[in-house]
Enquirer: 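Handing you this structure, nothing more for now.
Chain A is the first sequence line, chain B the second, and so forth, proteins listed ahead of strands; every chain is numbered from 1.
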Number of protein chains: 2
Amino acid sequence: MPGPRAATPQAEPRRPRIAAAERERMIVDAAIGFFAEEGFSGQTRQLAQSLGISHSVLYRHFPGKQELIATVCTELFERRWREEWIEILRDPAVSLEERLLRFYQEAGTLLLAPEWMRIAVMTGLSGAATPSGLSSLLQDRIIHPLADAIQAEGSDRPLPRNIAEERAWALHGRVFYLGARGAIWRGATPRSQDEALAVAIAGFCRGARALAQAET
Amino acid sequence: MPGPRAATPQAEPRRPRIAAAERERMIVDAAIGFFAEEGFSGQTRQLAQSLGISHSVLYRHFPGKQELIATVCTELFERRWREEWIEILRDPAVSLEERLLRFYQEAGTLLLAPEWMRIAVMTGLSGAATPSGLSSLLQDRIIHPLADAIQAEGSDRPLPRNIAEERAWALHGRVFYLGARGAIWRGATPRSQDEALAVAIAGFCRGARALAQAET
DNA sequence: GCGCTTTGTGACCAGGCGGTAAATAGTCGC
DNA sequence: GCGACTATTTACCGCCTGGTCACAAAGCGC
């Protein structure tokens with residue numbers, strides 16, 4: 001009779017060995033899609049299965065599920081952001097509307113992707129503290145640059161800062177909700193997301209322009 | 001020796017008996033707050049404990065956890081809606097801005113409450129089909145009435161329907177995001193929610209008014 | 001007071017789940 | 001080719017968790 005933990009060699013013909021760094025990348029990439037779909041209560045065994053490995057491998061590379069989730073959040077909220085997206089908003093040769101549109105077209109590949117939206121919302125619902133990466137992404141890389149661009153547009157009289165931020169929140173809220181309808185509730189957005197984005201930004205800009213004219 | 005399932009009578013002095021209908025109300029009310037906080041993966045035992053009862057009682061009144069969650073959703077997305085809130089939007093004696101503000105002040109007691117927002121988002125993330133009550137609430141009781149009110153405001157030339165709905169989504173997205181920042185991520189909203197609501201609606205209306213002027 | 005119905009309890013079950021450890025087997029440096 | 005390193009697997013642990021069951025007791029009609 002074998003001892004209590006005799007690992008009987010089963011027929012498991014091939015075991016591709018993959019370097020640790022690459023395996024970790026594979027795990028994080030798969031975990032993003034997996035947790036986005038299943039929620040943070042998704043089972044590590046199922047995630048491992050989708051990778052074609054046994055779930056113990058996860059625990060060799062990450063101390064625990066929480067740390068894996070934290071890595072997923074860092075990847076989404078910090079590593080995948082491109083700082084040059086902010087530069088788009090600063091180009092003085094391009095109209096505000098065009099800048100906003102290009103900004104959201106580029107940044108939207110990250111921010112409006114279902115995985116990003118769903119996991120961002122999950123972190124909020126999970127009860128844990130909001131990841132610092134997420135709040136700083138929102139504040140420092142989205143709202144503030146947007147407000148800067150909006151503020152600079154009032155040619156004759158500079159727009160007060162708080163009003164500019166107000167409008168930045170309004171625009172971003174509109175865009176976020178646009179993405180959320182598709183990513184969270186999977187409702188069919190009336191048009192293609194790109195088109196809807198253009199309409200939303202055009203509406204915002206025409207409103208802002210008209211407002212500026214009406215106030216002079 | 002007692003049989004395998006001999007319920008040994010323990011010291012449990014008082015057991016207040018409560019009528020089924022009332023108990024069910026108590027359970028649903030507690031479940032709303034509980035699931036809003038803990039997520040749908042919150043444990044039935046913990047919910048029961050917060051009610052001061054054993055978790056078996058839940059299964060006397062509801063066939064299973066899923067049915068309890070479904071009841072919670074029906075309560076939030078159907079039963080708690082007041083049809084008269086829509087009437088606020090139709091009052092011709094009141095300005096559009098005032099109507100919108102009053103509408104969101106009233107409906108906001110439901111729609112912007114953390115329990116409502118968090119559970120509405122959870123249903124989206126849960127992967128199950130969006131509850132019909134939620135989509136019909138959004139479409140029939142919010143977006144369409146809003147669009148009606150906005151459309152009727154273009155005094156000389158009636159606003160095209162699709163534009164009016166576009167603006168309704170924009171306004172509602174702004175308001176939703178306003179609530180979400182507090183309810184989902186628990187970020188401190190810069191001002192009181194009531195004040196922020198007034199600013200958002202004022203901004204929307206001034207924009208719309210300016211737009212209408214600019215286009216004539 | 002008596003018995004019937006209804007409300008509540010605690011023990012229990014079976015499967016799920018995060019996490020661990022011993023054993024196995026590719027692969028790389030030499 | 002060989003040993004050391006390390007990626008990977010199988011088996012297992014212990015707790016959690018939705019759900020069930022037999023039983024106890026509170027209230028109501030009579």
Enquirer: Taking for each residue the nucleotide of DNA chain D bearing the nearest heavy atom, is the 5' side occupied by A/Ile53 or by B/Arg60?
Expert: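 Checking each residue's closest nucleotide, the 5'-ward one belongs to A/Ile53.
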
Enquirer: Measure the distance from CD on A/Gln66 to P on C/dG19 and round it to the nearest whole Å.
Expert: 8 Å

Enquirer: On DNA chain C, check which nucleotide each of B/Arg17 and B/Gly52 is closest to and give me the residue with the more 5' one.
Expert: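 The 5'-side residue here is B/Arg17.
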
Enquirer: Base, sugar-phosphate alone, or nothing: which one does A/Ala20 contact when heavy atoms must sit under 4.0 Å apart?
Expert: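 Here A/Ala20 touches the backbone only, sparing every base.
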
Enquirer: Looking at C/dT7, does its base get a donor-acceptor pair with the side chain of B/Arg23 below 3.5 Å?
Expert: no

Enquirer: Could you tell me how far apart B/Arg45 (CZ) and C/dG10 (P) are, to the nearest whole angstrom?
Expert: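 Interatomic distance, CZ of B/Arg45 to P of C/dG10: 12 Å.
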
Enquirer: Find the distance A/Lys65:NZ to C/dC17:C1' and express it as a whole number of Å.
Expert: 8 Å

Enquirer: Is there a donor on the side chain of B/Thr44 or the base of D/dT17 sitting less than 3.5 Å from an acceptor on the other?
Expert: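 No, the side chain and the base share no sub-3.5 Å donor-acceptor pair.
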
Enquirer: Any side-chain heavy atom of A/Cys205 within less than 4.5 Å of one from A/Leu100?
Expert: yes

Enquirer: Reading DNA chain D from 5' onward, which residue's closest nucleotide shows up sooner: B/Glu67 or A/Val57?
Expert: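 Its nucleotide being nearer the 5' end, the pick is A/Val57.
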
Enquirer: What is the separation between atom CG on A/Leu47 and atom C1' on C/dG19, rounded to the nearest whole Å?
Expert: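 It is 15 Å, rounded to the nearest whole Å.
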
Enquirer: Which residue in the set A/Leu68, A/Ile69, A/Val72 passes side-chain contact (heavy atoms from CB on, under 4.5 Å) when paired with A/Phe40?
Expert: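 Answer to the side-chain contact (heavy atoms from CB on, under 4.5 Å) test with A/Phe40 among A/Leu68, A/Ile69, A/Val72: A/Ile69.
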
Enquirer: Donor-acceptor pair, distance only, cut-off 3.5 Å: does the side chain of B/Trp185 make one with the backbone of A/Ala120?
Expert: yes

Enquirer: If you find the nucleotide of DNA chain C closest to B/Ser54 and the one closest to A/His55, which residue's nucleotide is nearer the 5' end?
Expert: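 Upstream on the strand: B/Ser54.
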
Enquirer: Taking atom C1' of C/dG18 as reference, at what distance in whole Å does atom CZ of A/Phe40 sit?
Expert: 17 Å

Enquirer: If you measure from CZ on B/Arg80 to OG1 on B/Thr109, what distance do you get to the nearest 0.5 Å?
Expert: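 OG1 of B/Thr109 is found 10.0 Å from CZ of B/Arg80.
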
Enquirer: Between D/dG18, D/dT10, C/dA11, which nucleotide gets closest to the side-chain atoms of B/Ser56?
Expert: C/dA11

Enquirer: Provide, to the nearest angstrom, the distance between the CD atom belonging to B/Gln49 and the C1' atom belonging to C/dG10.
Expert: 15 Å

Enquirer: Find the distance B/Gln46:CD to D/dG18:C1' and express it as a whole number of Å.
Expert: 14 Å

Enquirer: Rounded to whole angstroms, how far apart are CZ on B/Phe34 and P on D/dG18?
Expert: 9 Å

Enquirer: Any sub-3.5 Å donor-acceptor pair from A/Arg99's side-chain atoms to A/Val94's backbone N or O?
Expert: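 It does hold such a pair.
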
